[in-house]
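Worksheet: one structure, shown below.
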Amino acid sequence: MVPPPHPLEDEWLWGWDPTPGIVSVWAEPDGRAFIWKRQPGTHARLREDARYRPWVLLASLQDLEHLGDALRPEGLPPVPPVPGAVTYRELEGPGALRFLVSAEDGRALASAVLKGASKRLDQRVGHLRDLGPAAALALPPEEQYLVATGRTYFRDLVFDDLRRLQFDLETTGLDPSRDRIFLVALRDPDGRSETLEVTADGDAGEADLLRRLVARIREADPDVVENHNLHGFDLPFLDQRAKRLNVPLALGRAGLPGLRHRPSARGAALNRGPGGRDADAMRRARYTVPGREFIDTLDAVRRHDFAARDLPGHGLKAVARHLGLSGPDRELIPGARIHEVFLKDPERVRRYAREDVTEAAGLAHLLGGAAFALARMAPRRYERLADAGPATGVLDPLMVRAYVRSGAALPAHESGDGTSHSGAALHLFATGVARHIVKADVASLYPSLMRQYRIGPKRDRLNALLAMVDRLVDQRLDAKARAKKAPPGSAERHTHEAISAAMKILINSAYGYLGAVGLTRFSDVHAANEVTRRGRELLGLMCRELAHRGVTLLEADTDGVYFAVPEAWTETDERRVVSEVAALLPPRVKLEFDGRYAAMLSHEPKNYALQPYAGPLLLRGVAFRSSRAEPYGEDFLRRALQHLLAGDVRAVRDTYVDAVMALRRRQVPTFEVSAQVRLTKSPSQYLATRKQRRELPYEALLTNGREHWSLGERVRIYRATGGRAGLLPEALTEDGEPAPRPAPGEPTGDDARDYDVEYYVRLLKDSFAARLARGLAPEDFATVFADPDQPSLFTPSLADARPVLTVVRAPRGPEFGEDAQVVGAPPFSP
DNA sequence: ATCTTGCGGGG
DNA sequence: GTGTACGCAAGAT
């Protein structure tokens, strides 16, 4: 490989120790570190037992003065220092955390500091943290080890070199204080799936199952254990059951402690039952174990969807189906029915559970690459990087390592000076329907502005953040190019795509890091405001210049613009205006042609419908994507929008009339008007508040003879005739099995269809049809959605009716660059 | 209309 | 061994 041209920045990003194959690190505060490695390309595994010198950063040495001669500068004889000595090195520069203090045993070091601090403050200080972040920085032991050595995980390994095991619990319910584990599906690192089951009732049977599970995991000896919602369900459930049944959960690698908690903002809160909202019980934790890494695919899904925003939900089945990981014969069983199905047809549940672990493995491979690649860079455990937020979770450790490596004193967190943070621009130029739509946007606007105008945190005297963003952008282009060259489906392509994804996460979080005042070490509200100010200015300039070239602006948000072009324009014309405007922008700000659509309904800011030239209608924003909307209404809205966007107002009317008539003739199955809700109150809780306030879901249960239900249960409810609340019984197949969701219009057996027709007619108009209002002139709207059974004396024809577009503002004024000069402005200086 | 609370994932 | 998740919709007032 060509030697890197920026050795310093590359050390900041990648560390410096070349040790290959590290798959897990565990360090104890007493200075012992355990490093598990694999030989790249083989399954050979070995453990290195090392010692490291635990360290902390302190703002002052005063609390260690009581040590006398046992406190000495680094490098003075005797080298190495005598056991028990505390050594220090003063870092250079203005940062507050300027003494790097270390000792052979981290606990002795901490207690020496705490002893001094307790004396100085005349009160017992129990923990370094209690000194405050401006006085001390103490990383977790593994991170101390990784920062000090410059090692990182996974050097020279590819994703599939890791031995990964997935397991999935099947339980009789969601509450581990009451419910039991009766089956575990497990996929071993070679891809073989199996199930373990209880063979006896009661505690003995379940305890035996847990023992077999632990033994099986130890035998398979995976580096990584994963599942969907692993930290939120399987591990806490397993932990509680094992405690109750007195089964030791020795899931880690030999000779070290078993399952532990680690604090985490995103961890599970097992005892957060509905109603149970006592603050102490809300403490969240993640699980950790020496020698293996626990990876939750739900984290990868969230991270993916944060950018992509195209997933129907974050559940395993929905995501797997969406990403094409599910087979056509995927076994599906509603969660609440799994145990009863198991009693009648165990093979079906075995199949279901095996498919769960197979999909979890597929999901881990497809979406887990970014975390794997981050672990090659940042000095943290892989499992922590997998659930970390990118700013405090990844960038900050990189910054800390950069400063310590460079011998520079590190700034402490600083609260803001009261300046408030200003945000991005959002302009709505026109509402209604337009045709010939173009979307243009700037890729990674904020990091581009940071680079273009050299806007970085004031206290970052090494300029490490900007330097790292620069290197990341360059190296990401390289990774993308390599990925493209590698054969599709190859490990090489997966690796480079993963690196690119990881870098994208870091690049795009640099701005968030800057703006998180009081939360991140280098936050700088003035720099962040300068970034958004430049962003607003550029967006305004783009809008004005586009408008000058004859397009109709529709909506602009942060870094992108939707506009309509004249009928006669070709795609070449569309691309030409985008590149003309792009040429007016600073070099690092790349305005790109992002897509073209046949038509758009602009409803409200960030709420619109797009009709592509080919393919299904796209709906964006809460107005169009309500999660609990009744299926009949969603179906109507989709069809009506397609007609409206095609310019066929008459067909919108027909769609509406059909929908109303179908309701009035009760041709619509009850399922289609029902909404799924989740029960959050227990029967007794609801009965306590029922007098003050009646709630449809619970009324539906009570009036249908159900006085018992469990928290978290999901039911489908509807409004029945006579003001009653309807409960949709779960549809069953002939075998008495739960039926899959019926296709729209599919007959649904003995459906009473006793829903309140006029309520649903009103809902259709007031809630669903209302979302088309911007696209029609008021009189046309009234005509289109007039009640078909109440013909008025004068019914206007819709033959000439056309969708309308209403301009609500023009791109004029200072925010559109009429006064400000953007291009060629001097670089920002703090 | 505005404020508050609870949800997500999992069986 | 800390948390401050976080962004949104339904419910409460």
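In what follows, every chain begins at residue 1, and chains take the letters A, B, ... in the order their sequences are listed.
To the nearest whole angstrom, the two P atoms, one in dG9(B) and one in dC8(C), are 15 Å apart. Annotation: dG8(B) and dG3(C) have their P atoms spaced 23 Å apart (nearest Å).
Leu169(A) comes within 4.0 angstrom of sugar-phosphate atoms only, judged by non-hydrogen atoms across all strands, and of no base. Using a 4.0 Å heavy-atom distance criterion, Asp356(A) is classed as a sugar-phosphate-only contact. Among the heavy atoms of the strands lying under 4.0 Å from Asp168(A) are primed sugar atoms or P, OP1, OP2 only; no base atom is included. Leu183(A) comes within contact range of no nucleotide atom at all, as no heavy-atom separation falls under 4.0 Å. Using a 4.0 Å heavy-atom cutoff across all strands shown, Leu128(A) reaches no nucleic acid atom at all.
When rounded to the nearest whole Å, the span between CD of Glu143(A) and P of dG1(C) equals 16 Å. The OH atom of Tyr287(A) sits 16 Å away from the C1' atom of dG1(C) (whole-angstrom rounding). Regarding Glu359(A), its CD atom lies at a distance of 15 Å from the C1' atom of dG9(B), rounded to whole Å. The CD-P distance, from Glu28(A) to dG1(C), rounds to 11 Å in whole Å. As a whole-Å value, the separation of Asp175(A) CG from dG9(B) P is 20 Å. For the pair Ile181(A) CD1 and dG11(B) P, the interatomic distance rounds to 12 Å; values are reported in whole Å. For the pair Glu206(A) CD and dG11(B) C1', the computed distance is 13 Å after rounding to whole Å. For Phe306(A) and dA5(C), the CZ to C1' distance is 12 Å, given to the nearest whole Å.
Nearest to the side-chain atoms of Pro141(A) among the listed nucleotides dG11(B), dG10(B), dG1(C) stands dG1(C). The nucleotide whose nearest atom lies closest to any side-chain atom of His314(A) is, among dG1(C), dG9(B), dG11(B), dG9(B). When the nucleotides dG11(B), dG9(B), dG1(C) are ranked by their closest atom to the side chain of His127(A), dG1(C) comes out on top.
Proximity of Arg129(A) to the phosphate of dG1(C): no side-chain N or O atom is located under 4.0 Å from OP1 or OP2.
No donor-acceptor contact under 3.5 angstrom links the side chains of Glu226(A) and Thr297(A), judged on distance only.
Residues Tyr513(A) and Arg521(A) have side chains in contact (heavy-atom distance under 4.5 Å, counting atoms from C-beta outward). Side-chain contact between Leu367(A) and Leu323(A) is present, with heavy atoms from C-beta onward closer than 4.5 Å.
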Does the side-chain contact (heavy atoms from CB on, under 4.5 Å) test come out yes or no for Leu230(A) and Phe294(A), once each step is laid out?
CA-CA 8 Å; Leu230(A) 179 72; Phe294(A) 286 135; 3.9 Å; yes
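No more than 12 heavy atoms of other residues, nucleotides or ligands lie within 6.0 Å of CZ in Arg321(A), so this atom counts as exposed by the packing criterion.
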